[in-house]
2 protein chains.
Amino acid sequence: MSEAAIAETRPYHHGDLRRALVDAARRILENEGPSALSLRAVAREAGVSPAAPYHHFKDKGELLDAVAHVGWDMLGDCMTGAKARAADLAALMTEIGVSYVQFSQQHPALYRVMYDCSRDKDELPEGMQDNEDSAYCLVRETFRRVAGPEVQEVDIELATIAAWCAAHGLAEMSTFKQFEGLKEGLGGEEAFLRGVLGHLGMFQPSRPLKT
Amino acid sequence: MSEAAIAETRPYHHGDLRRALVDAARRILENEGPSALSLRAVAREAGVSPAAPYHHFKDKGELLDAVAHVGWDMLGDCMTGAKARAADLAALMTEIGVSYVQFSQQHPALYRVMYDCSRDKDELPEGMQDNEDSAYCLVRETFRRVAGPEVQEVDIELATIAAWCAAHGLAEMSTFKQFEGLKEGLGGEEAFLRGVLGHLGMFQPSRPLKT
DNA sequence: ACACCGATCTGAACGGCGTCAAGATGATCT
DNA sequence: AGATCATCTTGACGCCGTTCAGATCGGTGT
């Protein structure tokens with residue numbers, strides 16, 4: 001049920017309009033895609049006037065930042081789950097990569113908002129490199145555990161970035177129609193993902209880090 | 001000089017408005033970025049009314065497609081140049097990867113339009129996998145030459161996709177502010193690019209293809 | 001109990017956007 | 001010269017993000 005439907009019984013002061021707006025935005029993203037995500041549409045969905053959001057967000061960009069933040073949290077949970085599922089350390093990187101791309105396929109509109117926000121500011125999401133539960137830190141920590149003592153810290157950082165770039169690139173391209181034939185030949189979407197990731201050094205269990 | 005400035009001496013019928021609109025769009029992209037690229041702004045820059053573009057393009061998306069097409073041609077030329085510069089076959093893949101990312105850094109707004117067009121349609125650009133001069137085919141052909149006879153065609157395709165994903169991901173992330181410190185430590189932007197690419201299997205001359 | 005105040009929300013407005021229909025213009029062909 | 005047709009303009013529509021004055025409410029101090 002949309003918020004607008006229950007708006008009539010709602011008190012004049014909403015109580016938690018900020019959260020309601022973020023939820024409304026996520027509903028629109030899921031149901032109608034990123035192109036339908038206007039500030040006015042979000043306000044409509046939440047059952048308030050077009051100006052109401054401005055008491056909780058500086059502008060549209062700040063609302064999208066809040067939506068993106070929810071997305072990054074979800075992605076972090078998703079990859080923590082992958083960590084729990086991995087049979088052993090050698091398989092962990094591949095599980096993380098597959099989970100990352102699958103998340104982007106399950107929430108394509110949200111994933112797009114997440115990256116658009118980052119690109120607009122030329123910044124990784126806040127806390128991404130510090131917060132222990134973030135996807136970035138999970139990958140880096142995995143490399144640290146895999147790496148022998150001869151591997152330098154800078155190479156761990158570079159490998160993390162490389163893995164991130166590869167996963168993001170695959171996330172953005174895996175939906176291209178031209179690859180459908182190849183996917184069928186390989187036996188499905190996940191086989192395709194594992195096939196591509198298998199060609200990226202750090203996702204190969206036998207050689208996760210450059211020597 | 002903007003087209004608007006010489007519009008007064010122009011005949012009523014423009015002659016080549018289609019090309020002029022694409023050029024105007026590219027000027028706006030270079031000077032003001034993607035957010036300033038409205039159909040009306042393009043028409044203003046070209047010195048015509050807001051409705052004039054509709055006689056040459058179905059809608060705004062089709063204009064952007066034309067702009068993107070120019071961009072892909074430029075990228076193809078850029079990477080053909082990289083091929084000519086490469087010392088030997090082993091170094092070619094890295095040269096291609098570096099050139100790809102550098103192109104995205106030299107034309108960030110254009111690069112964004114190129115990919116936005118593809119994502120909107122969930123398609124690689126037209127002819128990308130067929131046209132011999134395209135960046136995609138150049139990479140695939142390089143892998144074919146590097147590969148031994150034991151490597152299957154499907155692995156060449158997967159490696160091409162993997163390389164493309166990695167390069168695209170790096171192109172989108174290399175501008176993030178968080179990496180500036182790391183770049184300095186490595187001795188500059190290009191060292192950073194080579195460092196990241198070095199962790200990606202297919203960009204390592206000694207092992208370009210999964211065995 | 002009551003007045004007040006700050007936070008919250010509305011309504012109306014502005015300029016800019018993409019798009020379209022109707023009309024004006026000019027090159028081209030007979 | 002006159003007809004034709006692609007090309008371009010004018011004016012309009014609805015939607016957008018944003019702002020601002022004013023209405024409304026919840027909580028606080030007296």
Side-chain angles (χ1 to χ4, degrees), chain A residues 2-25 28-29 31-68 109 113 116-117 120-121, chain B residues 2-25 28-29 31-68 109 113 116-117 120-121:
Chain A
S2 96
E3 292 285 338
I6 58 172
E8 294 147 17
T9 62
R10 207 199 50 210
Y12 187 89
H13 282 61
H14 184 286
D16 199 358
L17 182 55
R18 189 188 153 91
R19 177 181 307 271
L21 288 167
V22 173
D23 290 346
I28 291 173
L29 274 180
N31 299 332
E32 306 171 62
S35 65
L37 190 68
S38 67
L39 232 194
R40 294 177 103 105
V42 172
R44 267 194 306 272
E45 172 73 19
V48 294
S49 80
Y54 286 89
H55 294 271
H56 301 271
F57 302 98
K58 188 169 73 42
D59 54 20
K60 184 187 179 184
E62 226 176 49
L63 202 186
L64 295 190
D65 283 345
V67 174
V113 169
D116 283 348
C117 286
D120 285 345
K121 301 194 288 290
Chain B
S2 97
E3 290 288 336
I6 58 171
E8 294 147 17
T9 64
R10 209 200 48 207
Y12 187 88
H13 283 59
H14 183 286
D16 198 359
L17 182 55
R18 188 187 152 90
R19 177 181 305 272
L21 288 168
V22 173
D23 290 347
I28 292 174
L29 275 180
N31 299 332
E32 306 171 62
S35 65
L37 191 67
S38 67
L39 232 193
R40 294 178 104 102
V42 172
R44 267 193 306 271
E45 172 72 19
V48 294
S49 79
Y54 286 88
H55 293 271
H56 301 271
F57 302 98
K58 188 170 71 46
D59 54 21
K60 185 187 180 184
E62 226 176 49
L63 203 185
L64 295 189
D65 283 346
V67 174
V113 169
D116 284 347
C117 286
D120 284 344
K121 301 194 289 287

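In what follows, chains carry the letters A, B, and so on, assigned in the order in which the sequence lines appear, proteins first and then strands, with residues in each chain numbered from 1. On a predicted model such as this, the values are computed, not experimentally measured, just so you know.
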Nearest whole angstrom, please: distance from the P of D:dG17 to the CD of A:Glu62. 15 Å
Regarding the side chain of B:Val48, the nearest nucleotide among C:dC9, D:dT9, C:dG18 is D:dT9
Can you check the B:Asp16 CG to D:dC8 P distance for me, whole Å? 10 Å
Please determine, for the side chain of A:Leu17, which listed nucleotide (C:dC9, C:dC17, D:dT9) has the closest atom? C:dC9
Does some side-chain heavy atom of A:Val67 sit less than 4.5 Å from a side-chain heavy atom of A:Leu29? yes
5′-ward residue of the pair A:Lys58/A:Ala36 relative to DNA chain D: A:Ala36
Nearest non-hydrogen partners of A:Ala109 and A:Gly33, listed with the distance: CB-CA, 4.4 Å
Send over the distance from A:His56 NE2 to C:dG6 C1', rounded to a whole Å. 14 Å
Can you check the B:Tyr54 OH to C:dC17 P distance for me, whole Å? 12 Å
Quick one: is B:Arg40 getting a side-chain N or O under 4.0 Å of the D:dC16 phosphate, OP1 or OP2? no
Strictly below 4.0 Å: does B:Arg44 bring a side-chain N or O up to OP1 or OP2 of C:dC17? yes
Atom CG of B:Leu21 and atom P of C:dG18: how far apart are they, to the nearest Å? 13 Å
Would you say A:Asp65 and A:Lys121 make side-chain contact, with heavy atoms under 4.5 Å? yes
Which of these nucleotides, D:dT18, D:dC8, D:dT19, is closest to any side-chain atom of A:Leu39? D:dT18
B:Asp59 CG to D:dC15 P: how many Å, rounded? 19 Å
Side chain of B:His55 (C-beta onward), nearest among C:dT10, D:dT7, D:dT18: D:dT7
Of A:Ala41 and A:Ala51, the one whose closest DNA chain D nucleotide lies more 5': A:Ala41
Please determine whether a side-chain nitrogen or oxygen atom of B:Ser49 lies at a distance below 4.0 Å from atom OP1 or OP2 of D:dC8. no
Send over the distance from A:Lys60 NZ to D:dG17 C1', rounded to a whole Å. 8 Å
Locate the shortest heavy-atom distance separating A:His56 from A:Arg18; write the atom from each residue and the value. O-NH1, 3.4 Å
Under 4.5 Å between any side-chain heavy atoms of B:Pro53 and B:Leu39, yes or no? yes
Rounded to the nearest angstrom, tell me the gap between atom CZ in A:Phe57 and atom P in D:dT18. 13 Å
